[in-house]
Amino acid sequence: MAIKSRARTLLRVAGSKDLRYLMVASLLFYLGFSVYNTVFVNFVAEEIGISATELGVLESVREIPGLLSVLIAAVTMWLLEPVLAFIALAVMAIGVINYLHVDAVWSLVLFSLVWSIGFHSWQPLASSMALRMGPAGEEGGRLGLLRSVSNVGGLAGIALVFIMVRFLSIPFRPMFVVAGIAILVGAFALLRISRMETVQPQKIVLRRQYWLFYVLQFLNGTRRHIFMTFAIFALVRVYQTSLETVSILSFVNQIASVGAGYIAGRLIDRHGERKVLALGFAALTAIFLGYAFIEVVWILFALYVVDNVMFSLSVGIDTYGKKMLIRESDLRPTMVTGQTMNHVAAVVVPITGGLLWEAFGYFVPFVAGAAVAAISVWASLLIVRSGPSAAPDAPPKRVKAPEAAEF
């Protein structure tokens, strides 16, 4: 009976035709992005010969579009979400495909910046569309389901890399073309989504009432970019992990993450963002400390997988963002603003971490990540208006919005 009940819930959450098209687009996007991610570190380390400092510079530059998300959105707000999402993934595909002829750090930075513009335009749009596509009270389930489906695509991408490396002996560069084509096909799926909103003037808003949402996004982005930049790089550079091993590790990681997204979303719907986020960030604090001080490589492999499973809990930040809205029309602008807050530190963190790595040792960025995750626990405990409507900390009623910064 419990299995049937869960199945009915899953079918209800995924019942929207538009949501299914969005899931197809996300699956193909993550398939391509997973191919890119699995190959990237070995490619830049073995073929480009990139140093830790150069990697930090690259990561900082390609996070600039995330920092400028608000400005990009301000000039594209007149476009409907599915159309803008199509353009975003198409631009990303172009940037990834052009890795085919990258042969120096400067060209690597250039095409990384191109795909990053598309990627960072796509991310808040995917969340905004999913949050609209269904009834209130199931936002976590929808975002979690979308993340689980995306992880299926990621799993397929990693399997594809393993096949191309182990059985077909395909070199790095053609793999980026495969990745870009998958992302481009996903972009066309978005054009099947019905126009959920009428074109009307919209503005980016900054409200002081949303400050905790902004802080959570900032902290989550900071700790995430530390781990994304240096975890696999540490495994490759410090422990000489091969591409084949990285692909296997990523494959195991994706298997663990497939169900984690949906489960995380349902936990948030049931128990509220406060408890789930606090526990998740506490676990991440321990993971960072493990990477800083544990030298047993198989334990680091396990911690890498656990970190990515814990990342699924971050959908709670977006669901909290929707629940604390003063106006329903603030949803898309607020998701975009959250994206920018998520990347405020991302431009500085990678290059700073790279310099600290080379000056004091590879453990320093991970100690800093542990401190950020610990602060995130404290910030999560400040949430007092989250969870299902029947809970004591139910979202507030809509009231007339006070003045806010708009542009």
Side-chain angles (χ1 to χ4, degrees), residues 18-37 62-98 111-133 142-143 145-147 149-154 157 176 179-193 195-197 202 204 217 220-221 224-225 228 261 311 314-315 317-318 321 331-343 346:
D18 288 334
L19 183 58
R20 291 196 293 271
Y21 282 125
L22 180 61
M23 288 192 293
V24 169
S26 293
L27 185 147
L28 290 169
F29 158 70
Y30 271 96
L31 189 157
F33 194 50
S34 181
V35 171
Y36 166 87
N37 268 335
R62 75 180 185 185
E63 294 304 330
I64 290 175
L67 182 63
L68 300 179
S69 292
V70 166
L71 297 181
I72 295 172
V75 299
T76 58
M77 197 60 73
W78 58 276
L79 288 169
L80 293 174
E81 286 182 333
V83 176
L84 182 56
F86 164 79
I87 295 171
L89 288 190
V91 169
M92 183 179 177
I94 291 170
V96 171
I97 289 172
N98 274 284
F111 291 115
S112 295
L113 189 61
V114 172
W115 76 248
S116 181
I117 291 171
F119 174 85
H120 288 102
S121 298
W122 154 255
Q123 289 287 78
L125 288 168
S127 296
S128 176
M129 288 189 287
L131 288 169
R132 293 181 193 275
M133 293 175 175
R142 286 196 299 279
L143 286 182
L145 179 60
L146 186 65
R147 181 158 292 181
V149 169
S150 299
N151 285 327
V152 171
F176 292 116
I181 291 173
I183 295 169
L184 187 60
V185 174
F188 280 98
L190 293 165
L191 296 180
R192 302 290 297 175
I193 295 176
R195 306 307 186 243
M196 295 178 294
E197 52 183 336
Q202 285 188 302
I204 299 298
Q217 288 284 16
N220 190 52
R224 184 62 181 168
H225 284 91
M228 284 176 60
F311 179 64
S314 65
V315 298
I317 300 176
D318 285 340
L331 178 58
R332 179 178 170 188
T334 300
M335 292 298 108
V336 171
T337 305
Q339 170 97 328
T340 293
M341 298 300 175
N342 191 280
H343 289 77

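Remember, it's a predicted structure, so these values are computed and weren't measured experimentally. Hydrogens, waters and symmetry mates are skipped; everything else that's a heavy atom, side chains included, is used. Along the sequence shown, residues are numbered consecutively beginning with 1.
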> Who passes side chain to side chain contact (heavy atoms under 4.5 Å, CB included) against V114, sequence neighbours left out?
Replying inline: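 Listed in chain order: V91.
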>> Suppose we screen for side chain to side chain contact (heavy atoms under 4.5 Å, CB included). Which residues come up paired with F311, at least two apart in sequence or across chains?
In response: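 With sequence neighbours excluded, F311 shows a side chain to side chain contact (heavy atoms under 4.5 Å, CB included) to R147, N220, R223, R224, S314, given in chain and number order.
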Which pair of non-hydrogen atoms, one from [X] and one from [Y], has the smallest distance, and what is that distance?
| X | Y | result |
| --- | --- | --- |
| V96 | F176 | CG1-O, 3.4 Å |
| G186 | A25 | O-CB, 3.3 Å |
| R62 | H120 | O-CE1, 3.6 Å |
| V24 | A189 | CG1-CB, 4.0 Å |
| G180 | A93 | O-CB, 3.3 Å |
| G32 | A179 | O-CB, 3.1 Å |

> M92 pairs by side-chain contact (heavy atoms from CB on, under 4.5 Å) with which of W122, Y36, F29?
Replying inline: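 Only match with M92 under side-chain contact (heavy atoms from CB on, under 4.5 Å): F29.
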Would you compute the distance between atom [atom1] of [X] and atom [atom2] of [Y] and round it to the nearest 0.5 angstrom?
| X | Y | atom1 | atom2 | result |
| --- | --- | --- | --- | --- |
| I97 | L184 | CD1 | CG | 6.5 Å |
| D318 | T334 | CG | OG1 | 11.0 Å |
| I87 | L191 | CD1 | CG | 9.0 Å |
| F86 | I193 | CZ | CD1 | 12.5 Å |
| L190 | L84 | CG | CG | 10.0 Å |
| L146 | N151 | CG | CG | 10.0 Å |

> With distance as the sole test, does R142 use its side chain to make a donor-acceptor pair with the main-chain N or O of A130 at under 3.5 Å?
Replying inline: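 Flag set: sc R142 to bb A130 pair under 3.5 Å.
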> Do any pairs count as a side-chain hydrogen bond (donor to acceptor under 3.5 Å, both in side chains) and have a residue in residues 84-95, sequence neighbours left out, and if so which ones?
Replying inline: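 For residues 84-95: none.
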